[in-house]
Amino acid sequence: MNVILITGGAGYIGSHTCVELQERGFDVLVLDNLCNSHAESLNRVEQITGGNVRFIEGDIRDRSLLAQIFQNNAISCVVHFAGLKAVSESCELPLAYYENNVSGTITLCQTMADNGVRNLVFSSSATVYGNPASLPITEDFPLSATNPYGRSKLVIEEILADLHKADSRWNIALLRYFNPVGAHPSGLMGEDPNGIPNNLMPCVSQVAIGKRKILNVFGNDYPTSDGTGVRDYIHVQDLACGHICAIQRLDKNCGIQAWNLGVGQGHSVLDMVRAFEKVSEQPIPYEVVARRPGDIAACYADPSKARNDLGWVAKKSLEDMVSDVWRWQSQNPNGYYG
Ligand code: NAD
Ligand code: UDP
């Protein structure tokens, strides 16, 4: 059977995607260097699916390892999650981000080409839209970047477009994720950030469980309904399902295309706080502090291209997202090794 190589498959979105793939009978092989994840996430995938996950601990920049993997497995498609993703860290360590994300992707694509594998699903981000002039965002909006992380995604998208221009046998899905949140409904898998989390949801859930005293709300003077930042939060399971639809679309020779994966609805920081308080029955004390540099007021998707082309829609509600995070956080207060 054809194998799907999942780079970064031990991470947050990758591990949830492994579950959806395994449950649909795909043969999955994970390559991850565990720089931002634990192999335990894959044990949990096995626990949920009852199947075996093949895992190779290694780096996408390791050319000889990649060559060996492609020679030893009948890989038909690569779903490429591996990358560094912390915006603030990327400002401090730009070269590390370009090296890992951009060089790593080039090495991966070279090895794919050498082995005649030209089907790729790439984890892009809504960050490539920069500060959008209007909302909702469609895929044809102008692209820009405000930090090295975002620029690494933008550069990779451009490299992949050049690759397709040079060899039209490539089929490439650029999946532009909006704000992934949520956890597996079993409570066995979820987001397990290293150190102090950057993203809103892990911060909120850590306050609810008592690991952090207070939530910093970055600004309440944005031109939004309550002044706090608005984002399009999407359940990680819905996002994972989007990858299955994209893999199936690659098989129909889609060329290179971008798809927004979002719900299409914006929620403010305070909406999220209130939703979390309701589900967890815990108070979430917060303090309004200065805007976070580089943040934009509001961002949400027009997901109709994904609906029309991929037959994909996000099905989970905000309440599902929040209650699944709360279940994961309460059952695993210290993450995978709690
Ligand atoms: P994550 O950090 O949980 O997962 C990424 C995985 O890649 C980790 O397991 C890490 O160990 C692995 N990795 C990193 N560099 C590697 C390398 N050189 N070789 C092998 N493995 C490597 O992050 P995630 O939230 O699951 O994100 C997955 C992808 O989606 C990333 O590319 C990220 O930039 C992108 N993305 C994430 C979000 C988000 O908010 N979570 C939003 C938009 C896009
Ligand atoms: N946010 C916040 N406090 C935090 C983390 C985030 O107020 O501790 C806000 C942030 O300013 C933004 C929203 O929550 O308006 C989502 O931020 P996140 O970092 O999760 O996603 P991104 O900014 O990358 O879309």
Side-chain angles (χ1 to χ4, degrees), residues 6-17 30-39 41-42 56-62 65-66 79-88 90 96-97 99-105 107-108 121-128 146-147 149-150 152-153 156 175-181 190-194 196-204 206-207 212 214-220 222 224 227-234 236 239-240 243 261-262 266-273 286-300:
I6 315 285
T7 73
Y12 172 48
I13 305 170
S15 56
H16 286 81
T17 304
V30 170
L31 171 65
D32 198 303
N33 65 3
L34 304 181
C35 69
N36 196 40
S37 54
H38 303 286
S41 63
L42 299 174
I56 296 170
E57 184 175 344
D59 200 293
I60 53 164
R61 292 163 296 176
D62 184 341
L65 173 67
L66 279 185
V79 185
H80 178 31
F81 294 104
L84 301 176
K85 64 166 185 176
V87 170
S88 54
S90 80
Y97 270 67
E99 225 275 305
N100 195 78
N101 296 2
V102 179
S103 302
T105 302
T107 305
L108 175 68
V121 178
F122 173 63
S123 296
S124 190
S125 166
T127 191
V128 299
T146 54
N147 56 67
Y149 166 70
S152 76
K153 293 291 177 192
I156 294 168
L175 300 184
R176 295 180 180 152
Y177 310 155
F178 280 67
N179 286 62
V181 296
E191 191 169 10
D192 184 13
N194 277 333
I196 299 170
N198 296 299
N199 295 114
L200 178 66
M201 270 309 246
C203 288
V204 171
Q206 290 193 2
V207 172
R212 289 155 61 86
I214 196 159
L215 173 75
N216 285 330
V217 172
F218 298 140
N220 66 352
Y222 285 107
T224 60
T228 64
V230 165
R231 297 290 184 274
D232 185 340
Y233 295 94
I234 173 168
V236 66
L239 196 61
H243 292 73
L261 296 186
H267 292 286
S268 73
V269 175
L270 296 183
D271 288 341
M272 301 308 280
V273 168
Y286 69 84
E287 181 185 9
V288 177
V289 298
R291 290 182 179 191
R292 187 170 60 179
D295 269 0
I296 58 174
C299 171
Y300 53 90

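Note that ligands are numbered from 1 as they come in the structure, with each ligand's atoms numbered from 1 the same way. Treat the numbers as computed from the prediction; the structure is a model and nothing was measured.
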Please walk me through it: do Thr228 and Tyr222 pass side chain to side chain donor-acceptor pair (under 3.5 Å)?
CA-CA 6 Å; Thr228 64; Tyr222 285 107; over 6 Å; no

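- Between Arg212 and Glu287 there is no salt bridge, since no side-chain nitrogen of the basic residue lies less than 4.0 Å from a carboxylate oxygen of the acidic one.
- A 4.5 Å side-chain heavy-atom check between Thr7 and Asp32 finds every atom pair outside the cut-off.
- Between Val30 and Ile56, every side-chain heavy-atom pair lies at or beyond the 4.5 Å cut-off.
- For ligand 2, the 4.0 Å heavy-atom shell takes in Asn179, Asn198, Asn199, Leu200, Cys203, Leu215, Asn216, Val217, Phe218, Gly229, Arg231, Tyr233, Val269, Arg292, Asp295, ordered by chain and residue number.
- Listed by chain and number, Gly8, Ala10, Gly11, Tyr12, Ile13, Asp32, Asn33, Leu34, Cys35, Asn36, Ser37, Gly58, Asp59, Ile60, Arg61, Phe81, Ala82, Gly83, Lys85, Asn100, Ser123, Ser124, Ser125, Tyr149, Lys153, Tyr177, Pro180 each place a non-hydrogen atom less than 4.0 angstrom from ligand 1.
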Report the C-alpha separation of Phe81 and His16 in whole Å, then their side-chain angles, then the decisive distance to 0.1 Å, and conclude whether the ring-ring contact (aromatic ring centres under 6.0 Å, His included) test is met.
CA-CA 12 Å; Phe81 294 104; His16 286 81; over 10 Å; no

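- Between Asn33 and Glu57, every side-chain heavy-atom pair lies at or beyond the 4.5 Å cut-off.
- The line from NZ of Lys153 to OG1 of Thr105 is 7.0 Å long, rounded to the nearest 0.5 Å.
- At least one side-chain heavy atom of Tyr149 sits under 4.5 Å from a side-chain heavy atom of Lys85.
- Between Phe122 and His243, the ring centre distance reaches or exceeds 6.0 Å.
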